[in-house]
Amino acid sequence: MSKLINQGCRVADIHHRYDEIHGALFGISVFRLLADKLRGKQGPGYGGLSLSLKDLGEELAALEAEIKVPPEENTPVTGADRELQQALLEYAAYLSKAMAGLENICRSLEQDEAAYRSLREDGRSRFSADKLDYDHILSELERQGTKLDRLFSNY
């Protein structure tokens, strides 16, 4: 069923674009940020990253709906097809959660970065708490990705 392979490639493309946004937010060192600021370079702001994530989320939601559509009646479906379809849906759901978590972080940074990063009574900032939740989602996304990779390699 080449339709599943095509859909898997499209989900991978969305993940790749999401990963670029993740890298833009977390992958830049403080030194590089200062150097860019001194040179007058300005990267995309938090609002731009948030908007990009929202657009990717909508694209992924449309793709998830497409993946859920059962195959045509005359199309033979194997157990491997159903297992791959289910794994792809689970992966897409966790990717959607990861994008929503990152979008929340970007929105919060855009609204008031200083307050978002300031320490509360418990010694943690809202940013740290959100980042910890986000990291848990990323761990599950990685686990689902490993499962999906195994299924695709044996498909």
Partner residues of T78 under the side-chain hydrogen bond (donor to acceptor under 3.5 Å, both in side chains) criterion, sequence neighbours left out:
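If we apply the side-chain hydrogen bond (donor to acceptor under 3.5 Å, both in side chains) test to T78, skipping adjacent residues, the hits are D81.
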Check side-chain hydrogen bond (donor to acceptor under 3.5 Å, both in side chains) between S128 and all other residues, then give those that pass, not counting sequence neighbours.
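With sequence neighbours excluded, S128 shows a side-chain hydrogen bond (donor to acceptor under 3.5 Å, both in side chains) to S125, given in chain and number order.
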Qualifying salt bridge (charged side-chain N to carboxylate O under 4.0 Å, His left out) pairs with a residue from residues 48-61, counting only residues at least two apart or across chains:
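Salt bridge (charged side-chain N to carboxylate O under 4.0 Å, His left out) check on residues 48-61 returns R17-E59.
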Only pairs at least two apart or in different chains count here, so list each salt bridge (charged side-chain N to carboxylate O under 4.0 Å, His left out) that has a residue in residues 18-27.
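Every pair satisfying salt bridge (charged side-chain N to carboxylate O under 4.0 Å, His left out) with a residue in residues 18-27: there are none.
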Holding to side-chain contact (heavy atoms from CB on, under 4.5 Å), I want the full list of residues that pass it with [X], two or more places apart in sequence or in another chain.
{"X": "E90", "answer": "Q86, Q144, K147"}
{"X": "D135", "answer": "K131, L138"}
{"X": "D122", "answer": "R120, R124"}
{"X": "N104", "answer": "R107, S108, D130"}

Is the backbone N or O of D149 less than 3.5 Å from a side-chain atom of S153, with the two atoms forming a donor-acceptor pair by type?
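Side chain of S153 to backbone of D149: a pair is present.
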Donor-acceptor pair, distance only, cut-off 3.5 Å: does the side chain of S50 make one with the backbone of G47?
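No; judged by distance alone, with no hydrogens or angles, the pair does not exist.
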Does a donor on one side chain sit under 3.5 Å from an acceptor on the other, for Y46 and Q111?
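Y46 vs Q111: no donor-acceptor pair found between side chains.
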Holding to salt bridge (Lys or Arg N to Asp or Glu O under 4.0 Å), I want the full list of residues that pass it with [X], two or more places apart in sequence or in another chain.
{"X": "E142", "result": "none"}
{"X": "E83", "result": "none"}
{"X": "R82", "result": "none"}

Ring pair (Phe, Tyr, Trp, His ring centres under 6.0 Å) partners of residues 85-108, not counting sequence neighbours, each pair once:
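For residues 85-108, and leaving out neighbouring residues, the ring pair (Phe, Tyr, Trp, His ring centres under 6.0 Å) pairs sorted by first residue read H15-Y91.
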When you compare the side chain of M99 with that of I14, does any pair of heavy atoms fall below 4.5 Å?
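A side-chain contact under 4.5 Å exists here.
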Show, in sequence, the C-alpha distance, side-chain angles and deciding distance for R117 and L109, and conclude whether the side chain to side chain contact (heavy atoms under 4.5 Å, CB included) test is met.
CA-CA 8 Å; R117 291 184 186 266; L109 286 168; 3.6 Å; yes
